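Values below: all heavy atoms of this structure, side chains included; hydrogens, waters and symmetry mates excluded. Everything numeric here is computed off the predicted structure, so don't read it as measured data.
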Amino acid sequence: MEGQKTIDLNYANHRRQAVVRIDFDYDAELTAQVRQFKGSRWSQTMRCWYMPKAQFDLHLFFETFRGKAWVDYAGLKTTGAPAMPEARKAKAKSHPKEQTDVPAGYREMLEQKRYSMNTQKIYISYMRDFANMFHKFDLKDVTKDQINRYILWLIREKGISASQQNQRINAIKFYYEKVLGQPRQLYEIDRPRKGRSLPEVLSKEEIKKMLGVVDNIKHKCLIALIYTCGLRRSEAINLRLGDVDSKRMMIRISEAKGDKDRYVNFPTTLLNMLRDYYLEYKPLEYVFEGQPGQPYSAESVWKVVKQIARKANIRKRVYPHILRHSFATHHIEQGIDIRYIQEWMGHESIKTTQRYTHVTNGQFTFKNLLDDLL
């Protein structure tokens, strides 16, 4: 991890409130990301960012900084413990307490199964916690009752969220089922019920306003592409010039979520915009580049979308993924079969796509999305 940015998380008491300290060497991009978290504040006395412990979601924090920084959350393993003074903290780092590592073959199997780097980090961290808890046992002999009690202890004593509970269970299951090759019915751990949250969407009029206020052709193409093709932010910034097939009017989405490639069609309106953009910017390898030959950063996409929404005077919370939500919702309103939308968006389960049926306005007519707006 040499040269990688690191964020240290620790519990602390600040102004009679239990908080999570967020320590990292100054970095403009990391600072901008931390600012996005609800409840995040800068403390002059602690000289770091912090969040109320009750509002802090470790899983969400991991997801936000995936690929951007290594998140060291060792300081959160003792519930409610105040942050260690800097002098003691430095001393502790120079003489780290010996811990049990993950079982043999665990890391290698994660790589063989081609799990993302962020998922590997999370699974390894959670599996290390599990191995530490049962360090006096041979992990092969740990019973499902012991595992259930361990998860219950995490819920009661550590206050883990439902999403973290699921990830910890998955990390444990991965060891027994994938590494040891034991049958899935070996144990049955109760999973938390997921609350159903409806996706946020923009109206066509709001997206039209956003496109109408954009002066920069690069930013306009970026927003139009994500919306009219229903792309994830990562898919848009990793799109290469060779992925755009102007003859077939198709875009190839490579190495998408779940390592599943797919094709999506796009309208002539967008093609003409992309041609104008190409003539002006002349990207070398990626459709959208920050530096020559390098993909546009995820943070830049976030900033662009927020700035344009603000300029368009849209009061909603606007972020890149809301354009993808809007794509699905507007297509359902146009009467497109939900199975096609599932394929276009790369959803593994139809249930994921069905969420958008709950936020439509009930009017179903078919028109091309982008042609309505430009």
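Remark: L30 CG to T6 OG1 distance equals 9.5 Å, nearest 0.5 Å. For the atom pair CZ (R156) and CG (L152), the distance works out to 4.0 Å, reported to the nearest 0.5 Å. In this structure, H14 NE2 and Y50 OH are separated by 4.0 Å, a value rounded to the nearest 0.5 Å. Here Q55 contributes atom CD and L60 contributes atom CG; the two are 12.0 Å apart, rounded to the nearest 0.5 Å. Here the OH atom belonging to Y286 is positioned 10.5 Å from the CG atom belonging to L241, to the nearest 0.5 angstrom. We find the CD1-CD1 distance between I226 and I322 to be 12.5 Å, quoted to the nearest 0.5 Å.
Nearest heavy-atom pair across Y106 and A171 is OH-O, 2.8 Å. L270 and A224 make their closest contact through CD1-CB, 4.0 Å (heavy atoms, listed as atom of the first residue, atom of the second, distance). What you find for S246 and L271 is that their closest heavy atoms are CB-CD1, 3.8 Å. A pairwise comparison of heavy atoms in R233 and A298 identifies NH1-O, 3.0 Å as the closest pair. Across every non-hydrogen atom of L139 and A131, the tightest pair is CD1-CB, 4.1 Å. Taking all atoms of both residues into account, the shortest heavy-atom contact from L222 to A236 is CD1-CB, 4.4 Å.
Between F56 and F61, the two ring planes are tilted [angle within 30° to 60°]. In this structure, H321 and H325 have perpendicular ring planes: the angle between them is above 60°, well past the 30° mark. The aromatic rings of F65 and F37 lie parallel to each other, their planes meeting at an angle below 30°, with 60° marking the opposite boundary. The aromatic rings of F134 and F130 sit tilted, their planes meeting at an angle between 30° and 60°.
Atom CG of D25 has 12 or fewer heavy atoms from other residues, nucleotides or ligands within 6.0 Å. Residue E108 places its CD atom among more than 12 non-hydrogen atoms of other residues, nucleotides or ligands, all under 6.0 Å distant. Within 6.0 Å of atom NZ in K178, 12 or fewer heavy atoms from other residues, nucleotides or ligands are found, so the atom counts as exposed in its surroundings.
With V318 as the fixed residue, the side chain to side chain contact (heavy atoms under 4.5 Å, CB included) test singles out one of R310, M210, K306: M210.
I172 places none of its side-chain heavy atoms less than 4.5 Å from the side chain of Y126. Side-chain contact between R262 and I253: present, with at least one pair of heavy atoms (C-beta onward) separated by less than 4.5 Å. A heavy-atom distance below 4.5 Å is not found between the side chains of L225 and F266. Counting heavy atoms from C-beta on, the side chains of F174 and K113 come closer than 4.5 Å.
A salt bridge links D23 with R21; the closest basic N to acidic carboxylate O contact falls under 4.0 Å. Using a cut-off of 4.0 Å between Lys/Arg side-chain N and Asp/Glu carboxylate O, K38 and D57 are scored as not salt-bridged. Using a cutoff of 4.0 Å between basic side-chain nitrogens and carboxylate oxygens, K316 and E200 are not scored as salt-bridged.
In this structure, a donor-acceptor pair under 3.5 Å is absent between the side chains of Y150 and D129. Checked by atom type, the side-chain pair R315/N313 shows a donor-acceptor distance below 3.5 Å.
Panel note: side chain K218, backbone Y281; no donor-acceptor pair is recorded below 3.5 Å. A donor-acceptor pair is defined here as one N or O able to donate and one able to accept, closer than 3.5 Å; no such pair exists between the side chain of H59 and the backbone of I160. Using a distance-only test at 3.5 Å, with no hydrogens or angles considered, no donor-acceptor pair links the side chain of S125 to the main chain of K121. Distance alone, capped at 3.5 Å, is enough to place a donor-acceptor pair between the Q120 side chain and the Y115 backbone. Q146 places a side-chain N or O within donor-acceptor distance of the main-chain N or O of T143, the cut-off being under 3.5 Å. Remark: the backbone N or O of A312 is paired with a side-chain donor or acceptor of K209 at under 3.5 angstrom.
The list of salt bridge (charged side-chain N to carboxylate O under 4.0 Å, His left out) pairs with a residue in residues 275-286, not counting sequence neighbours, reads R240-E285.
In this structure, M250 shares a hydrophobic cluster with Y263, the cluster being traced through Ile, Leu, Val, Met, Phe, Trp and Tyr side chains under 4.5 angstrom apart.
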Run the salt bridge (charged side-chain N to carboxylate O under 4.0 Å, His left out) test on K68 and D27 for me, step by step, so that the C-alpha distance in whole Å, both residues' side-chain angles and the decisive distance to 0.1 Å come before the verdict.
CA-CA 11 Å; K68 305 180 185 72; D27 182 274; over 6 Å; no
Under the side-chain hydrogen bond (donor to acceptor under 3.5 Å, both in side chains) rule, what do S234 and R232 come out as? Steps first, then yes or no, please.
CA-CA 5 Å; S234 60; R232 300 177 177 93; 6.0 Å; no
